[in-house]
Every structure is written in structure tokens, then in C-alpha cells.
Engineer: 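This is the structure I have questions about; it appears just below.
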Amino acid sequence: MSSPNLYSLNSSFNEREDLLKKKKTAYLLMNVEDALAKNLKDLQQVLAFNERGEVNFILKTTTKVPSGVVVTEGLFWNGNSRTSSVNALTSQRLTDRASASTLYDVKVDVRGGE
């Protein structure tokens, strides 16, 4: 799931250096119990991946995220991220009616990063 960040909404305001500094980096929020089950630790570099691609994040463990769900806050442009943006994990498929964007149901797995 991708949600807004306190300093940006989707990719809006990513051109503002002052706000990018406050965002710091791309975090992945994960339930504490899920992280423990995968032997992952808070603030560890992790890799979210699926059949479409992979993206590096810094893990933030929390009880605010339900088990089985991971959340990214605020999209980063590819130029502002160490790797691809979270969009690398989403389908580019359009809807069958009106060729609009689809709502994302993105399944990923997470493992320790490099």
C-alpha cells in the first residue's frame, strides 16, 4: 500500500529540496510481528520484490500496520531514490473500460537488503 507522506502527496512536491530533506529516504512500514517472523530489524535495509521488479527501502517496524500489509509513505521520483521507485512493483495494465489506470492490489515479498 502506498500512502501520502507528511511532506508530499504522491509525487507532488518532490521538486522541493527542503521537503525531500525532511522525507530523508524511502521507508517501508511493516508490522512488528511480520518483521520478527522474517528476522528483519527496524531501520534495516530491505528489498520489496515481486515478479515485476524490486525496490530498496529502509524498514520501519510498527504496530500501526496490519499483519500481512506493508506501506510506503510518499512516492519518490526515480532521480530521488537509490533504486527504482515503488512504481516498479505495480502493473501498468489499463482498465478494460475507458483505458484508465487500475487501482493497485500489489503483492510483494520482503527480504533483507544489501
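Residue numbers start at 1 and run along the sequence shown.
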Engineer: Find the distance between CZ (Arg52) and NZ (Lys107) and round it off to the nearest 0.5 Å.
Structural biologist: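 Rounded to the nearest 0.5 Å, the CZ-NZ separation comes out at 10.5 Å.
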Engineer: Residues in salt bridge (charged side-chain N to carboxylate O under 4.0 Å, His left out) with Lys38, at least two apart?
Structural biologist: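 Listed in chain order: Asp109.
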Engineer: Side-chain heavy atoms nearer than 4.5 Å, only ILVMFWY residues, links allowed to pass through others: does that put Met30 and Phe49 together?
Structural biologist: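 No.
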Engineer: Report all side-chain donor-acceptor pairs from residues 57-66 shorter than 3.5 Å, counting only partners two or more places apart or in another chain.
Structural biologist:
| unit_1 | atom_1 | unit_2 | atom_2 | d |
| --- | --- | --- | --- | --- |
| Thr61 | OG1 | Asp42 | OD1 | 3.3 |
| Thr62 | OG1 | Lys64 | N | 3.0 |

Engineer: With rounding to the nearest 0.5 Å, note down the distance linking CG in Leu28 to CG in Leu47.
Structural biologist: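 So the CG of Leu28 and the CG of Leu47 are separated by 10.0 Å.
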Engineer: Test of understanding: with side chain to side chain contact (heavy atoms under 4.5 Å, CB included), list the residues that count as partners of Leu36, not counting sequence neighbours.
Structural biologist: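 With neighbours one apart ignored, the set is Val32, Glu33.
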Engineer: Using modelled atom types only, decide if a donor and an acceptor are shared between the side chain of Asn50 and the backbone of Gly53 within a distance under 3.5 Å.
Structural biologist: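 Between the backbone of Gly53 and the side chain of Asn50 there is a qualifying donor-acceptor contact (under 3.5 Å).
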